[in-house]
Q: 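Structure in structure tokens, see below.
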Amino acid sequence: MTVMRYTARKILTLLVTMLVVSLLTFAAFDMISGDPAATLLGTQATPEKVEALRTEMGLNRPMLVRYGEWLAGFFTGNLGVSFQYRQPVQALLGPKMLVTLCLSLVSFLLITVVSLPLGLLSANGKLEGLHTALNQFCMAVPPFFTGILISWVFGITLHAFVPGDFPGLDKNLGKSLVYLFFAAVSIAIPRVAMTVRMLRSTVISEMNKPYVRTAIARGNDRRQVLWGHVLKNSLVPTVTFLGQTMAEIVAGSIVVEQVFSIPGLGRMLVASISSQDYPVVEAIVVILAFWVVLSGTLADLVNRCVDPRMGGTAK
């Protein structure tokens, strides 16, 4: 299978998956008990007012009709109007999506830059004691607890940043990235430990294969064999794991955003669920689902480049 055909097949799978996810998401929120109109009216809710507001919000129309309009608007950048804020959803989510994206990318960069060298060093017999002592501990500590410790040590004690006072990317990019860095560390620590363990076990397994022993027996430098052959053959499972990590970072960021008071998609999602602001919730869920599916697709494409045998015979 050629690279172009493989890529086209993956993109088609991504689109079909997102179509199914969006339909299920829309149907799920349509069946959830509770009336957004009654929630918005609060103590002033009467049957007449609720019915009038439902008509204004378009909630009286059939679900498939509303889904078709929503899907058509999604492809044109129109995500509907927020029930609570009475503003276009895309205008509300744009800045918050940028913050969450920055937090996720910084976290993923930290995981990649730290875990790959540590994994290779520990597999090569170095840092064995450090790996054994810290790996299980780092994997066991949840990100929200690490975030609390980081806020206390670096925020309250060392004054490296002000906890709860996110400057804003549009106001002060430098201070905002520093703030996001500390939040990203709390997300990255357990994932770094997992990635190091994954890469270490994969490299050790590869080093025990006959071709590696033969290459070393013929006088080849162990380090050259490690970097020239073993690492490439160990990348496929590692890249797959990093793809899963990239997807799971978003789930971790939802909790960490609460700890660090970061105005991202996570905080907006929690607030919108509480207020039954379904247009906002549906848009966020689909965006997060797209991030997850895209992460897996990118991992498959990278693996296809590393090992052309994946997905069929290369031509």
Side-chain angles (χ1 to χ4, degrees), residues 1-32 36 58-59 61-83 87-105 107-108 239-255 257 264-273 276-305 310-312:
M1 183 182 295
T2 63
V3 175
M4 292 298 295
R5 287 179 58 190
Y6 183 79
T7 304
R9 190 181 71 178
K10 285 296 179 181
I11 294 176
L12 179 61
T13 303
L14 184 150
L15 293 176
V16 173
T17 302
M18 291 308 306
L19 182 64
V20 174
V21 168
S22 64
L23 177 60
L24 293 177
T25 301
F26 203 91
F29 283 109
D30 188 71
M31 292 184 292
I32 289 178
L59 296 176
R61 293 177 298 167
M63 188 271 291
L64 289 179
V65 173
R66 288 184 283 114
Y67 172 72
E69 294 178 353
W70 179 85
L71 185 63
F74 191 89
F75 284 107
T76 59
N78 181 12
L79 303 180
V81 178
S82 166
F83 292 164
Q87 296 181 22
V89 173
Q90 62 272 18
L92 286 173
L93 297 186
K96 301 183 184 303
M97 185 166 59
L98 181 60
V99 172
T100 298
L101 180 62
C102 288
L103 176 60
S104 300
L105 291 179
S107 303
F108 184 75
V239 169
T240 302
F241 185 77
L242 286 174
Q244 297 173 354
T245 297
M246 190 175 179
E248 293 172 1
I249 282 173
V250 177
S253 68
I254 292 177
V255 178
E257 284 179 4
L265 289 180
R267 294 189 68 191
M268 175 63 79
L269 178 62
V270 174
S272 298
I273 291 175
Q276 295 183 338
D277 196 349
Y278 293 153
V280 176
V281 177
E282 288 161 356
I284 294 177
V285 170
V286 171
I287 290 171
L288 296 182
F290 176 76
W291 177 265
V292 171
V293 178
L294 179 63
S295 300
T297 302
L298 291 177
D300 289 341
L301 294 178
V302 172
N303 281 333
R304 184 64 164 76
C305 295
M310 293 188 60

Q: Kindly indicate whether the side chain of Ser104, heavy atoms from C-beta on, has any atom under 4.5 Å from the side chain of Thr100.
A: yes

Q: Out of curiosity, Ile287 CD1 to Met18 CE, how far, rounded to the nearest 0.5 Å?
A: 9.0 Å

Q: Gln90: what forms a side-chain hydrogen bond (donor to acceptor under 3.5 Å, both in side chains) with it, not counting sequence neighbours?
A: none

Q: Enter the distance from Arg66:CZ to Met63:CE here, rounded to the nearest 0.5 Å.
A: 7.5 Å

Q: Does Val280 offer a backbone N or O that forms a donor-acceptor pair with the side chain of Ser82 under 3.5 Å?
A: no

Q: Taking the side chain from Trp291 and the backbone from Met246, do they hold a donor-acceptor pair closer than 3.5 Å?
A: yes

Q: Can you name the nearest heavy-atom pair linking Val302 to Val239, along with the distance?
A: CG1-CG1, 3.8 Å

Q: Do you know the tightest heavy-atom contact between Gly243 and Ala299?
A: CA-CB, 3.9 Å

Q: Does some side-chain heavy atom of Ile273 sit less than 4.5 Å from a side-chain heavy atom of Tyr278?
A: no

Q: Tell me every residue that passes salt bridge (Lys or Arg N to Asp or Glu O under 4.0 Å) with Lys96, counting only those two or more places apart in sequence or in another chain.
A: none

Q: For Tyr67, which residues count as a ring-ring contact (aromatic ring centres under 6.0 Å, His included) partner, sequence neighbours excluded?
A: Phe26

Q: Contact between Leu298 and Ser295 at the side-chain level, heavy atoms closer than 4.5 Å - yes or no?
A: no

Q: Please list, chain by chain and in numerical order, all residues satisfying side-chain hydrogen bond (donor to acceptor under 3.5 Å, both in side chains) with Ser253, sequence neighbours excluded.
A: none

Q: To check you understand the geometry: which heavy-atom pair defines the closest contact between Ala283 and Val89, and what is its length?
A: CB-CG1, 3.8 Å

Q: What do the steps show when you test Leu93 against Met268 for side-chain contact (heavy atoms from CB on, under 4.5 Å), and what is the final call?
A: CA-CA 8 Å; Leu93 297 186; Met268 175 63 79; 3.9 Å; yes

Q: Between Leu79 and Trp70, which heavy-atom pair has the shortest distance, and what is it?
A: O-NE1, 4.0 Å

Q: Is any side-chain heavy atom of Val293 closer than 4.5 Å to a side-chain heavy atom of Thr297?
A: yes

Q: Might you point out which heavy atoms bring Leu265 and Glu257 nearest each other, and give the distance in Å?
A: N-OE1, 3.5 Å

Q: First locate atom CG of Leu301, then atom NZ of Lys10, and finally report the distance between them rounded to the nearest 0.5 Å.
A: 7.5 Å

Q: Please find the pair of heavy atoms, one from Leu19 and one from Ser22, that lie closest to each other, and give the distance.
A: O-OG, 2.8 Å

Q: State which residues pass side chain to side chain contact (heavy atoms under 4.5 Å, CB included) with Ile254; sequence neighbours excluded, sorted by chain then number.
A: Leu269, Leu288

Q: Pair Val99, Leu103 - check side-chain contact (heavy atoms from CB on, under 4.5 Å), show working.
A: CA-CA 6 Å; Val99 172; Leu103 176 60; 5.6 Å; no

Q: Run the side chain to side chain contact (heavy atoms under 4.5 Å, CB included) test against Val21 and tell me which residues pass, sequence neighbours left out.
A: Thr17, Thr25, Ala289

